[in-house]
Structure formats: C-alpha cells, structure tokens
Amino acid sequence: MSIESLLRERFSQAIGLAFGSQFANDPMVKPGDPKFADYQCNAALALSRQLGRSPRELAAEILRHLEIADMCELPTIAGPGFINVRLSTAWLSAQLGDLLADSAAKARGGVKWTTEQSTVVVDYAGPNIAKEMHVGHLRSSILGDVIARILAFVGHEVVRQNHVGDFGTQFGMLIRQAGDLKLDTGELPRISDLDSYYKQAAERDKNDPQFAAEARQAVVALQSGDPEALRLWRWIREESRRHCREIFALLNITLTQADERGESFYSHRLPEVVQLLSAALAFDGDGSRVEEARESEYVTKAFVTQSQGALCVFLPGYVDKDKKPLPLIIRKGDGAYLYATTDLAALYFRIIEDKTTPEETAPLDHNWHADRIIYTTDARQAQHFAMVFDTIRAAHWDINPVTRRPVVLQHAAFGSILGEDGKPFKTRSGETVKLRELLTEAVQRAETVVREKNPDLPVAARELVARAVGISAVKYADLRQDRTTDYQFSWDRMLALEGNTGPYLQYTFARIRSILRKAGTKLPPSVAINLSTPQERDLGRRILQFNDVIEAVLHDLKPHYLCTYMYELCGSFSSFYENCPVLQAATPEIRQSRLALSELAGMVLNIGWHDLLGLELLEEM
RNA sequence: GCGCCCGUAGCGCAAUUGGAUAGAGCGCGUGGCUUCGAACCACGAGGUUGCAGGUUCGAGUCCUGCCGGGCGCACCA
C-alpha cells in the first residue's frame, strides 16, 4: 500500500479533468511539513506558467475535480497555491485494519512487490586476497549488502558478486616472497601472517630490482598456469576465503562462496574481450577513420588504438591534466591486462554471455542477462567507472540481448571513513584499521555500556547483547548517513543510547516486545484500530509510510532514508508509549487497538532493521 | 592546471531533488518515574545554509565568479 501513489493518482485525475491529460503527468505530491499537512500537492504552482493563470485559481480548479473524501479531510489551499491534505483518521484506521487482517501483507510490513521484476547484479565488498579486511571494505560491504537485500525483498532477481582482487600484479610479489620463506603449503597459514608477508614483499619489491623482476615473472607463471605458482596461489586464497567468511559472518553480510567471482575468473577471457571490443569500436571496420580520430584534437567517437605502447580506449569527454585525450588503458605495454579490462570482461559476462556450466551460472541456475548492474565502491573510482560504462555503451554491450533494452549501469559511490580528527581513519601508529579488530573493540565497548545500564543481566545474555549492540552500532552509524559524503567515525556517537543510534532503536524494539510478551494473548486477525490521540494517529500514519520509504531508497540507492524513517518510527512509538497506556488501557477495545499498533510497529522495525539492514534485534537488553 | 565532490546551529548530520517560517540529534537550560523497560518523554534557547551576483512567483538545492576543503587526472586497484 502506497499512500503517495494513491494520492498521485487522485490528483493526476483531477488535473486531467480540469486542464487536460497532458498536464497530469506529475501531480507533484510529496509529504508535507507536519505543521500544515500530511501531504501536499504543488502542481498548481508548476502549472501556473504553462496555463498563464494564478496558482491559487488553478489550485481551486483542481480541488473542484478532486475526489478524495474517502481518504482525507477537506483539502485546503495555502500560501501561493499549495494544496494541503490531511489523511482522515477513519481512512488510516481502515488501512491499518486491512494490513493487520492480511497476513501476507502484514509479514511484509505492507511493502508491495515490484511490478517490473528484473535481474540486478550488485557488485560489492571485493576485498583483496592475502590481506586482512580493513575499514576500506566496510562501507562497500554493508552498503552493497543492504542494497542487495532490499532489491531482493521487493522481488528482483539479485545476483550478488564479490569481485575479489585475486589475480593482480601484487600476487607476483607474494608468490615470490612465499618462495623465499619456503612456506609449508601443507597447512593453512594465518591471515595475519599473510598480511605481514604482503607488507614485506611490497617493501622488497620497491627496493630490490632483482626481486621485482622475479615477482613479475611469477605473475607470468601464475597466469600461464605454472603448477607451483598455482599451488601457492590457491593456498593463499584458501586462507583468505576463510578470513572473509569470518568477517562476513560477524557483519551478517549475505555473500557466499557462490557469489565469489574474482579477477582470476575473468583472466582467460581478457584477450578475447579486448579483441571483441576492438572490433565493436572499429568504426565499421574503416581503419582510416581511427587514424583520423587519433590525429584530431578532440575525441568525438570512442575508438581503440595503441598509444605509447599500451592498448587504449579513447572516449569523448575525457581529458588529462594537459587537456589531452585521456585513455582507458586495457592492455599494458608489456602485454599484461589491468582492472579496466577485467571490469569490461565482467560486464560482458554479466550482460551478454550465455552460460553453460553450473559454475558459470552460480548463484543462479540459468543465464543472467542482467538488466541492471550496481557497483558499490568508493567515490574515488567515479571516473574509472564512468569510462568503463561509456566504453560499454559505445560498443553497444549495454544492450540486453534478450529484452533489447539498455542495461542500467550505476556506480553507487560512497565517501571515505575519517577519524575523529577529520583525517583518513587510521590507527595511532598510522596503520589501516583491521575490521576484525574494529569489530572486537565494538563488542567490548558495547559490553561496558550494557553492564552499566543493565547490571542484572546474566553474563551469557550480556555477551549476546553486547555482540548485537556493538556490531549493529558500527553498521548503523555508517548506514544512517548519506553514502555520498565522507563519514566521521566516532565510538562515542555510535554507541550513544539516545539520538539516531543503533542502541536507541534496539531499545525501542525491546520495549515493544516487552509489552507484547506481557499482554500474553494473541491478537485476533480483525481489530478495530482507534487513533483518537495524536500519538496513536502519528504512529499509525508512520507505519503506513513504510512502503513509500522503501521505494525512495531503491530510487536513489540510499539506505539512510530507511534509517531516518525507522528512527522517526521509534520516536513516534516512544511518544505513544509515554502517552497511551497499552496494557492498562481504559477499555478492552483500546487495549487491543494499542496492542495491534505496537505489533505493527514491531513488525516494520523487524523487517527494516533485521531483514533489510541485516542487523540484530533483541527481545531483552 | 583540468575535472568531479563538498561547505547548513558550538559538534556530527537531515532536508523526498526548485516549494511554505531550513529540521531532528548530541551538547546546553527547564520539567516529568508508587503505572506497560527513564537506555525514555515533554518544553526552551541556538541559523544571513562559505562569500558575491544571476535565473525564478519561490533557491540550501539550478547558473556564473570568487574563498576554503577533499578526491581524481597513462600502463596500481
């Protein structure tokens, strides 16, 4: 049930009747300032220029054709021509009653299934093997996972992809280093050891030309399938996977082994992809036009050519610091491929390729032919993805081979995590902060808080609570902020018990559950919802807005809308809790109505917090 | 230098994409527990939205120019 789309329909119809359907496309309905209205329609203001009449006059005209008495109080015109609408209490009650009676809708918090089901690839997390996961992976992992969860919740076929860095130049160093250490490949190393080998190898690579040369040879050996190099590589990868599984489990990230498809997966496809791409951008096979394009000052059409020894894609609109055309390099001078090539190959795989083996189709059991692909990586890669997407479009590889429609390519970029000093988040000694250690600290700090606030909680329960509170606080603090901005990490703020924080929301849920436990009886499916106090009305209206919030989140890929909504829902519930006794309500009817409101609020929180944000809720804390 | 992003209350952030008197939170001040969990609620103070122009009935939001900050800009990912 979507309040906004219902109102949109009503207003569109009225506008169409009043002025003609060509003006009724966008009735400009949005939630209003609560001081004036639940919703407002601003169409009259927008139409005034087109129609050459005063907005207030047009608003009055719209009202004459508006049929809305079943949902709303009498609409009013305010200011320059806003139409204010207040939902009628009777209508709200009826909607809540319907939601309660329809067990399927209730289990979804009233969120509708999508009417345009599509296959969406969400590419996120993407850690490097041989390195411990660090804060740099945090935002990508949790934002990507939430986006994937919400898309799946409304009914899209979601393909999660963990594009792990497992085949780049750096593995040459690592294999070379492993050779020196004469590592026993019989038993798994520890990830922390791998991490330090990595640092040592990088150091040697920088300072020892002999080592660097041998490292490059090791890359060649690896890519050509040398058994010893492969054996070391698999050994490293195995431990890395174990480590990632552990972190994903702690963070409740839904990625599984079936979702992992690293750079190595695409490595053998790269020569072919480069060839196909060159052909696709060959200007209908007319090589002379490539020459012409290369000579010209500005790039007017995408083409592939050798430049300074490297194979490059040149695209319109990209220039370097000297205003010269900026290439997307797809093959280095030494013949090796880079991440741009792998990204292009991955896009080709996700959109175009027919898949033959179960390994290829996983995690689905059929061809993908993605309709939409979302990358959750940091904002610094914006230009890279813009170029990769433009390349794909120039080659017409963005056309879905089944539907013939363009694939939606989106970079859901996010800002950096900063320390409390506003500079990039590092440990005191300047090292990157490891996720394992960060999460351990979160749980420890949460335990201190829990011990203080609820000393009577048994130790075993306290540990569970501390874990749920600590991990959720870290994730929620990140998710509640607009992803596009840098985010300042602060233990004190995220673990605060008041304000828009994880602990506050969890506490509110625990209070809801506490009431429902004490009430004992199960609610009958049919309950008359009474919204006679302002707090009940406010809570009821908010519950019914859940669907609209989910739509907004998916429209902008911004989970913080959902966080703000749930925080406000909790605020509404707290006010309700304060002013409206539930268990000791004046009459059995009101008691039942208030129990129902509590249950619906708890239901929405459970879906939003647990199912969509992937956070833990607690019956008691 | 070129390009992208950002600048909102003391602090960290919102503002449904051009709509009303810019909102909550933390912190500060005041009031509320013999009633469902006070980890809560209610009330108050706090703003020239970096600066200056422009477009518009209407600008935190769009355009131009400054000031300040971040990031990216050829073989790393």
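The model shown is predicted, which means the values in this text are computed figures rather than measured ones. So that the names make sense, note that chain A is the first sequence line, chain B the second, and so on, each numbered from 1.
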**Fill in**
Letter by letter from the 5' end, nucleotides 8-17 of chain B scores (B base, S sugar-phosphate only, - none; protein heavy atoms under 4.0 Å) ----BSSSBB

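- Classified by its glycosidic torsion, B/C71 falls in the anti category, the angle being over 90° from 0.
- B/A42: Watson-Crick or G-U partner is B/U30, with both key distances under 3.5 Å.
- There is no side-chain donor-acceptor pair under 3.5 Å between A/Gln545 and A/Asn547.
- No hydrogens or angles considered: nothing links the side chains of A/Tyr375 and A/Asp343 as a donor-acceptor pair under 3.5 Å.
- Base orientation for B/U17: syn, the chi torsion being within 90° of 0.
- Remark: the separation of the P atoms in B/G29 and B/A20 is 33 Å, to the nearest Å.
- Residue A/Lys35 places at least one side-chain N or O closer than 4.0 Å to OP1 or OP2 of B/G23.
- Residue A/Ser307 has its side chain nearest to B/A74 when only B/A74, B/C36, B/G23 are considered.
- Using a 4.0 Å heavy-atom criterion, one finds that A/Leu338 contacts the sugar-phosphate atoms exclusively.
- Residue pairs that meet the salt bridge (Lys or Arg N to Asp or Glu O under 4.0 Å) test with at least one member in residues 558-580 of chain A, sequence neighbours left out, are A/Asp482-A/Lys558, A/Arg542-A/Glu568.
- Nucleotide B/C36 holds its C1' atom 17 Å from the CD atom of A/Gln592, rounded to whole Å.
- The partner of B/C73 is B/G1, judged by Watson-Crick or G-U wobble contacts that both fall below 3.5 Å.
- At the heavy-atom level, A/Asn84 lies under 4.0 Å from base atoms of the strands shown.
- Residue A/Val319 is the one, among A/Cys580 and A/Val319, whose nearest nucleotide of RNA chain B lies closer to the 5' end (criterion: closest heavy atom).
- Of the charged side-chain nitrogens involved, at least one lies within less than 4.0 Å of a carboxylate oxygen, so that A/Glu4 and A/Arg8 count as a salt-bridged pair.
- Taking only side-chain nitrogens and oxygens, A/Lys321 comes nearer than 4.0 Å to OP1 or OP2 of B/A74.
- With both ends at atom C1', the span from B/U48 to B/U8 equals 12 Å, rounded to whole Å.
- Annotation: B/U35 and B/G10 have their C1' atoms spaced 39 Å apart (nearest Å).
- The residues A/Lys426 and A/Asp421 are annotated as not salt-bridged, no charged nitrogen and carboxylate oxygen being separated by less than 4.0 angstrom.
- Residue A/Lys323 contributes atom NZ, which lies 12 Å from atom P of B/G1 at whole-angstrom precision.
- Sequence neighbours left out, the pairs with a member in residues 584-594 of chain A that pass salt bridge (Lys or Arg N to Asp or Glu O under 4.0 Å) are A/Glu536-A/Arg594.
- Nucleotides B/G37 and B/G70 are separated by 44 Å at their C1' atoms, to the nearest Å.
- As rounded to whole Å, 15 Å separates atom P of B/U35 from atom CD1 of A/Ile515.
- Rounded to whole angstrom, the span from the CG atom of A/Leu326 across to the C1' atom of B/G72 amounts to 10 Å.
- Listed by first and then second residue, the salt bridge (Lys or Arg N to Asp or Glu O under 4.0 Å) pairs involving residues 496-520 of chain A are A/Arg513-A/Glu619, A/Arg517-A/Glu619 (not counting sequence neighbours).
- One C1' atom belongs to B/G47, the other to B/C11, and the distance between them is 15 Å to the nearest Å.
- Across the C1' atoms, B/C6 and B/U49 are found 13 Å apart, a figure rounded to whole Å.
- With RNA chain B read from its 5' end, the first of the two nearest nucleotides for A/Gly79 and A/Glu263 is the one closest to A/Gly79.
- Side chain A/Asp378 to base B/A77: no donor-acceptor pair is found below 3.5 Å.
- Using Watson-Crick or G-U wobble geometry with both donor-acceptor distances under 3.5 Å, B/G65 finds its partner in B/C51.
- Within 3.5 Å, no donor on the side chain of A/Gln506 pairs with an acceptor on the base of B/A39, nor the reverse.
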Protein and nucleotides 40-44 of chain B: nitrogen or oxygen contacts under 3.5 angstrom:
| residue | atom | partner | partner atom | Å |
| --- | --- | --- | --- | --- |
| B/C40 | OP1 | A/Leu497 | O | 2.7 |
| B/C40 | O2' | A/Arg511 | NH2 | 3.2 |
| B/C41 | OP1 | A/Tyr504 | OH | 2.9 |
| B/C41 | O3' | A/Ser575 | OG | 3.4 |
| B/A42 | OP1 | A/Ser575 | OG | 2.8 |

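- If you take CE of A/Met173 and P of B/A77, they are 12 Å apart, rounded to a whole angstrom.
- Ion pairing between a basic and an acidic side chain is recognised when a charged N comes within 4.0 Å of a carboxylate O; A/Lys131 and A/Asp195 show no such pairing.
- Using the Watson-Crick or G-U wobble rule with both distances under 3.5 Å, B/G12 pairs with nothing in any strand shown.
- Atom C1' of nucleotide B/G18 and atom CD of A/Gln40 are separated by 12 Å, given to the nearest angstrom.
- Using bins of under 30°, 30° to 60° and over 60° for the plane-to-plane angle, the ring pair A/Tyr476/A/Trp609 lands in the tilted bin.
- Here B/G37 sits opposite no nucleotide as a Watson-Crick or G-U wobble pair (both hydrogen-bonding atom distances under 3.5 Å).
- Nucleic acid contact class of A/Gly165 (heavy atoms, under 4.0 Å, all strands): none.
- Judged as a ring pair (Phe, Tyr, Trp, His ring centres under 6.0 Å), the pairs with a partner in residues 319-343 of chain A (not counting sequence neighbours) are, in order, A/Tyr339-A/His384.
- Between A/Arg451 and A/Glu447 there is a salt bridge, with a side-chain nitrogen of the basic residue lying less than 4.0 Å from a carboxylate oxygen of the acidic one.
- Within the nucleic acid shown, A/Glu420 has no heavy atom closer than 4.0 Å to any nucleic acid atom.
- Separation of the C1' atoms belonging to B/A9 and B/G27 is 12 Å when rounded to the nearest angstrom.
- The existence of a salt bridge linking A/Arg541 and A/Asp38 is confirmed by a sub-4.0 Å separation between a basic side-chain nitrogen and an acidic carboxylate oxygen.
- Distance CD (A/Glu620) to C1' (B/C36): 14 Å, rounded to an integer number of Å.
- Note on A/Ala386: nothing from the nucleic acid sits closer than 4.0 angstrom, heavy atoms only.
- With centres under 5.5 Å and a plane angle under 30°, the ring of A/Phe82 is stacked against the base of B/A20.
- Note on ring orientation: taking the six-membered ring where Trp is involved, the planes of A/Phe489 and A/Trp491 are perpendicular (angle over 60°, cut-offs 30° and 60°).
- Looking at heavy-atom distances under 4.0 Å, A/Pro503 makes no contact with the nucleic acid at all.
- For A/Tyr567 and B/A24, the ring-to-base geometry does not satisfy the stacking test (centroid distance below 5.5 Å, interplanar angle below 30°).
- A/Ala519 comes within 4.0 angstrom of nothing in the nucleic acid, heavy atoms only.
- For the C1' atoms, the distance linking B/U56 with B/G19 amounts to 12 Å, nearest Å.
- In this entry the distance linking CG of A/Leu45 with P of B/G19 reads 11 Å, nearest Å.
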